[in-house]
Amino acid sequence: MAQTAPFSSDTLMDLLRTIRTPQTGLSLASAGRLESCMVDDTGRLTLTLAVPREQAPELSGLCDEAAQKLQTLPNITSATLILTAHRPAGAPEPNTRPQRSAPAAAQPAAGGHRPLGGTPAAPDAPVLPGVKTIIAVASGKGGVGKSTTAVNLAVGLGMEGLKTGLLDADIHGPSLHRMLGTTGKPEVVEGRLQPVQAWGIRAVSLGMLVDEKAAMIWRGPMVMGAINQLLTDVDWGDLDVMVVDLPPGTGDAHLSLTQKVPLSGAVIVSTPQDIALIDARRGVTMFEKVKVPVLGLVENMSYFCCPNCGHNTELFGHGGARREAEAMGVPFLGEVPLLADIRSSADSGVPLVIGAPQSEGGKAWRAIAHTVATAIQTLQA
């Protein structure tokens, strides 16, 4: 359980005053304002410092050094320094034209999160000018196979002949780099991050840039800043379609994306049982409110197919997503079974539509990709 740290603000700011940038001598204490400082029962300290938005990139490089010094405080076992960058008081609200805002940066004690960096896009530059269609893959709750669906859908769209990109916007739990089997960090060319090529598509995930053990302790403005950078600081090039894997639920990331780019549609993933369908219904409602058409529902884990006898067992019920789609007047895209091959394909980094295209799951995702590709062609006509 977190509790207020037993240190005065003067003690903390005195310590941060000793940490300065080598270029300008700017210190964390002189530039920042202490927002919060909490210590949990194990002695882990989390300190949040608000800094001017324009100084966040320069100051983010000091966070590892600051974390090490914070760990020297009495009874502290580890430390995390989080920088938040807010719009200055009195500054005008952003207009409806997409603009790039400098992100906040979160830096843990080890494996720190770094801003993507590079040469920023012009403030009035269009977002993703070379991408014809952007679709989101979402779910009302976690654990329903949303990311697995996003990977196989994106690779399946590539197999349909569409030049496809995959953006992992699940900032708190980026996993697509593992599902695609990518290793190493993306290259930076002329100040812009280059997507990784995998299985015929281009992909970027925050998981390619940070330590897998690092916790993403990011507030709403920082989440939105990270998504903005993944959209504008990456050289996506020309694409027929970009698939965006959103976090579960209906939060900041969803609103940020719909405000930044013109989403052409959304795919909602659910399992058959009622408790999951309640959340899927919320997802459909959210996209309807922000005027994004729902391309359809996918029923994942629709049934368990026994690998020995071939018998199907409906572990979570069956047909719930189809009935819900009919009730809400949105398309039903298909059923995907619960298979051991799906789990192993995600762990091995080979999407099922590539590794086992003739399996029940492989054929199901290929059919869903074909249906979505047809919808995309209609949108682009």
Side-chain angles (χ1 to χ4, degrees), residues 103 105-108 110-118 128 131 134-139 142-159 163-189 192-218 222-223 225-237 239 241-248 253 257 267 269 341-356 365 369:
Q107 308 289 333
H113 311 286
R114 299 293 186 203
L116 301 187
L128 302 176
V131 180
I134 306 169
I135 62 174
V137 177
S139 64
V144 298
K146 169 187 56 64
S147 294
T148 307
T149 298
V151 167
N152 283 278
L153 174 60
V155 175
L157 290 173
M159 296 169 75
K163 191 179 293 184
T164 305
L166 177 60
L167 168 60
D168 188 355
D170 193 347
I171 299 300
H172 295 291
S175 58
L176 296 194
H177 61 295
R178 292 292 298 271
M179 293 184 179
L180 291 170
T182 61
T183 58
K185 298 184 183 297
E187 294 182 359
V188 176
V189 177
R192 304 202 72 197
L193 204 67
Q194 303 300 302
V196 171
Q197 302 284 338
W199 310 113
I201 67 172
R202 303 174 190 174
V204 169
S205 168
L206 199 64
M208 299 173 182
L209 305 169
V210 301
D211 189 336
E212 284 192 341
K213 301 174 187 175
M216 304 301 185
I217 314 172
W218 288 11
M222 301 163 70
V223 170
I227 291 175
N228 192 36
Q229 282 194 295
L230 291 172
L231 293 170
T232 59
D233 286 0
V234 176
D235 185 12
W236 287 104
L239 297 174
V241 58
M242 173 181 284
V243 177
V244 182
D245 180 31
L246 286 172
L257 188 69
V267 173
V269 183
D341 285 347
I342 295 176
R343 190 274 308 161
S344 61
S345 71
D347 289 344
S348 67
V350 181
L352 197 69
V353 293
I354 296 289
W365 268 314

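The analysis underlying the following values was restricted to heavy atoms, covering all of them including side chains, and did not include hydrogens, waters or symmetry mates.
Residues V234 and R192 approach most closely at O-NH2, 3.1 Å, considering heavy atoms. Across T164 and G158, no two heavy atoms sit closer than the pair OG1-N, 3.5 Å. Contact record, V244 with A169: CG1-CB, 3.8 Å, taken as the closest heavy-atom pair.
Counting only distance, with no hydrogens or angles, the side chain of N152 and the backbone of P351 share no donor-acceptor pair below 3.5 Å. The main-chain N or O of V269 is never found under 3.5 Å from a side-chain atom of S139 such that the two would form a donor-acceptor pair.
Evaluation of the side chain to side chain donor-acceptor pair (under 3.5 Å) rule for D245 yields K146, S147 as partners, not counting sequence neighbours.
L176 CG to M208 CE: the interatomic distance, rounded to the nearest 0.5 Å, is 7.5 Å. Expressed to the nearest 0.5 Å, how far CH2 of W365 lies from OG1 of T149 amounts to 5.0 Å.
A 4.5 Å side-chain heavy-atom check between L157 and V243 finds at least one atom pair inside the cut-off. Counting heavy atoms from C-beta on, the side chains of D168 and L206 never come closer than 4.5 Å.
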side-chain contact (heavy atoms from CB on, under 4.5 Å) between V189 and D235: does it pass, once the steps are laid out?
CA-CA 9 Å; V189 177; D235 185 12; over 6 Å; no
Run the side-chain contact (heavy atoms from CB on, under 4.5 Å) check on D233 and L193 step by step: do they pass?
CA-CA 6 Å; D233 286 0; L193 204 67; 5.8 Å; no
Extract all donor-acceptor atom pairs below 3.5 Å that involve side chains of residues 195-203 and protein atoms in other chains or at least two apart in sequence.
unit_1, atom_1, unit_2, atom_2, d
W199, NE1, L180, O, 3.0
W199, NE1, G349, O, 3.2
R202, NH1, W236, O, 2.4

